[in-house]
A.B. asks: 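Below you will find the structure I want to go over with you.
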Amino acid sequence: MKEVRLIKTLEDLKDLSLLEEESLTEAEIQPLREELQRLAREEFDPYLATNRIERDNIRAAQVHEMLSFLVIRSLLNSRAQFAGDGALFWQALREVESLFEQREEIYVPDLPAEALRPVTRDLLFDCQVPSVGEIANLSVSRVLARTAIDAASRMADSMKVKKSEFRVEAVLARLQREAEIRRRQVH
């Protein structure tokens, strides 16, 4: 009896007799071709998605870097205004850190809404960005604040300036530039 089937494993060859003098019609081959294509798609679809997943992960990282830079810039700017001209960076950063010692969240004012609006779906943190207006004021969790503080520390360390001479203004300008770079990358 003639049976046409797709061989998928070595086990499928067991007790198989080939009819070498027979030829298969297109109608007999088509269902097997479709099954083979389905199997190939099931096997390789996850690999094809890796480029998209990697691209999405890079975008999410850039969005979070931008948010961290904007958050710490706002917080440092507020602390520097209290301290006046020539405020030292490391002192201002310690003051920002102290804000989160006893609170889970803190209010962060004056964030650029137009930079955040298009990327809110990419954020791990819930950020309620207003749909109109230029300014966003967010409640920032301790975790997000910690990433922002760490980002500012890394950036300041990379700037190679003596701690005793390191002013907030220099870091604020750099944070703004870096946030703008990330913004262009994700938009």
A.B. asks: Any idea which heavy atoms bring Ala83 and Ala87 closest together, and the distance?
C.D. replies: CB-CB, 3.7 Å
A.B. asks: Is the shortest distance from a Lys or Arg side-chain nitrogen in Asp12 or Arg5 to a carboxylate oxygen in the other one below 4.0 Å?
C.D. replies: no
A.B. asks: For Val168 and Ala92, which heavy atoms make the closest approach, and how far apart are they?
C.D. replies: CG2-CB, 3.7 Å
A.B. asks: Mind checking whether Leu116 and Cys127 have side chains closer than 4.5 Å, heavy atoms only?
C.D. replies: no
A.B. asks: Report yes if the side chains of Tyr107 and Leu99 come closer than 4.5 Å at any heavy-atom pair, otherwise no.
C.D. replies: no
A.B. asks: Could you note down all residue pairs passing salt bridge (charged side-chain N to carboxylate O under 4.0 Å, His left out) where residues 71-89 supplies at least one of them, sequence neighbours left out?
C.D. replies: Arg79-Glu95
A.B. asks: Ignoring hydrogens and angles, tell me if any N or O in the side chain of Ser74 forms a donor-acceptor pair with the backbone of Val71 under 3.5 Å.
C.D. replies: no
A.B. asks: Closer than 4.0 angstrom, basic N to acidic O: yes or no for Glu101 and Arg142?
C.D. replies: no
A.B. asks: Using distance alone, with no hydrogens and no angle criterion, decide if Arg94 and Gln91 have a side-chain donor and acceptor under 3.5 Å apart.
C.D. replies: yes
A.B. asks: State which residues pass salt bridge (Lys or Arg N to Asp or Glu O under 4.0 Å) with Asp110; sequence neighbours excluded, sorted by chain then number.
C.D. replies: none
A.B. asks: List the steps and the verdict of side-chain hydrogen bond (donor to acceptor under 3.5 Å, both in side chains) for Arg59 and Gln62.
C.D. replies: CA-CA 5 Å; Arg59 177 180 165 78; Gln62 291 167 334; over 6 Å; no
A.B. asks: Between Glu42 and Arg38, does any NZ, NE, NH1 or NH2 come within less than 4.0 Å of an OD or OE carboxylate oxygen?
C.D. replies: yes
A.B. asks: Enter the distance from Glu180:CD to Leu175:CG here, rounded to the nearest 0.5 Å.
C.D. replies: 13.0 Å
A.B. asks: Let me check something: do Leu70 and Ile181 share a hydrophobic cluster, defined by ILVMFWY side-chain heavy atoms less than 4.5 Å apart, either directly or through other members?
C.D. replies: no
A.B. asks: Do Leu144 and Ser68 have side-chain heavy atoms sitting under 4.5 Å apart?
C.D. replies: yes
A.B. asks: Does any non-hydrogen side-chain atom of Phe69 lie less than 4.5 Å from one of Met155?
C.D. replies: yes
A.B. asks: Side chains of Phe125 and Leu138, heavy atoms from C-beta outward: is any pair under 4.5 Å?
C.D. replies: no
A.B. asks: Which heavy atom of Ala156 sits nearest a heavy atom of Phe89, and at what distance?
C.D. replies: CB-CE2, 3.3 Å
A.B. asks: In terms of hydrophobic clusters joined by side-chain contacts under 4.5 Å, are Leu88 and Met159 together?
C.D. replies: no
A.B. asks: If two hydrophobic side chains count as joined below 4.5 Å and joins carry through other members, does Ile58 share a cluster with Val63?
C.D. replies: no
A.B. asks: Which heavy-atom pair separates Leu75 from Phe100 by the least distance, and what is that distance?
C.D. replies: CD1-CE1, 4.1 Å
A.B. asks: Are more than 12 heavy atoms from other residues, nucleotides or ligands located less than 6.0 Å from atom CD of Glu21?
C.D. replies: yes
A.B. asks: Can you find a pair of side-chain heavy atoms, one from His64 and one from Leu123, that are under 4.5 Å apart?
C.D. replies: yes
A.B. asks: Which other residues belong to the hydrophobic cluster containing Leu48, where Ile, Leu, Val, Met, Phe, Trp and Tyr are joined when side-chain heavy atoms lie under 4.5 Å apart, directly or via other members?
C.D. replies: none
A.B. asks: Between CZ of Arg55 and OG1 of Thr50, what distance do you get to the nearest 0.5 Å?
C.D. replies: 10.0 Å
A.B. asks: Counting N and O atoms only, with roles assigned by atom type, does the side chain of Glu22 sit under 3.5 Å from a partner on the main chain of Leu19, one being a donor and the other an acceptor?
C.D. replies: no
A.B. asks: Roughly how far, to the nearest 0.5 Å, is the CG atom of Leu76 from the CD atom of Gln81?
C.D. replies: 11.5 Å
A.B. asks: Heavy-atom distance under 4.5 Å between the side chains of Arg184 and Met66, does that happen here?
C.D. replies: no
A.B. asks: Under the salt bridge (Lys or Arg N to Asp or Glu O under 4.0 Å) rule, collect the residues that match up with Arg174, sequence neighbours excluded.
C.D. replies: Glu178
A.B. asks: Kindly give the heavy-atom pair with the smallest separation between Ser153 and Leu93, and that separation in Å.
C.D. replies: OG-CD2, 3.2 Å
A.B. asks: Heavy-atom distance under 4.5 Å between the side chains of Leu67 and Val119, does that happen here?
C.D. replies: no
A.B. asks: Within a radius of less than 6.0 Å around CG of Leu16, do more than 12 heavy atoms belonging to other residues, nucleotides or ligands occur?
C.D. replies: yes
A.B. asks: At what distance, to the nearest 0.5 angstrom, does CG of Asn51 lie from CD1 of Ile53?
C.D. replies: 9.5 Å
A.B. asks: What pairs of donor and acceptor atoms, side-chain ones from residues 128-136 against any protein atom, are under 3.5 angstrom apart with sequence neighbours left out?
C.D. replies:
unit_1	atom_1	unit_2	atom_2	d
Gln128	NE2	Asp126	OD1	2.8
Gln128	NE2	Asp126	OD2	3.1

A.B. asks: Show your working on side-chain contact (heavy atoms from CB on, under 4.5 Å) between Ile72 and Val96 and close with a plain yes or no.
C.D. replies: CA-CA 8 Å; Ile72 195 63; Val96 168; 3.9 Å; yes
A.B. asks: For the atom pair CZ (Arg52) and CG (Asp56), what is the distance rounded to the nearest 0.5 Å?
C.D. replies: 5.5 Å
A.B. asks: If every non-hydrogen atom of Glu105 is compared with every non-hydrogen atom of Ser139, which pair is closest and at what distance?
C.D. replies: OE1-CB, 3.7 Å
A.B. asks: Taking ILVMFWY side chains as joined if any heavy atoms are under 4.5 angstrom apart, and letting links pass through other members, which residues group with Leu6?
C.D. replies: Val4, Leu24, Ile29, Leu32, Leu36, Leu39
A.B. asks: Answer yes or no: does atom CD of Glu11 have more than 12 heavy-atom neighbours from other residues, nucleotides or ligands under 6.0 Å?
C.D. replies: no
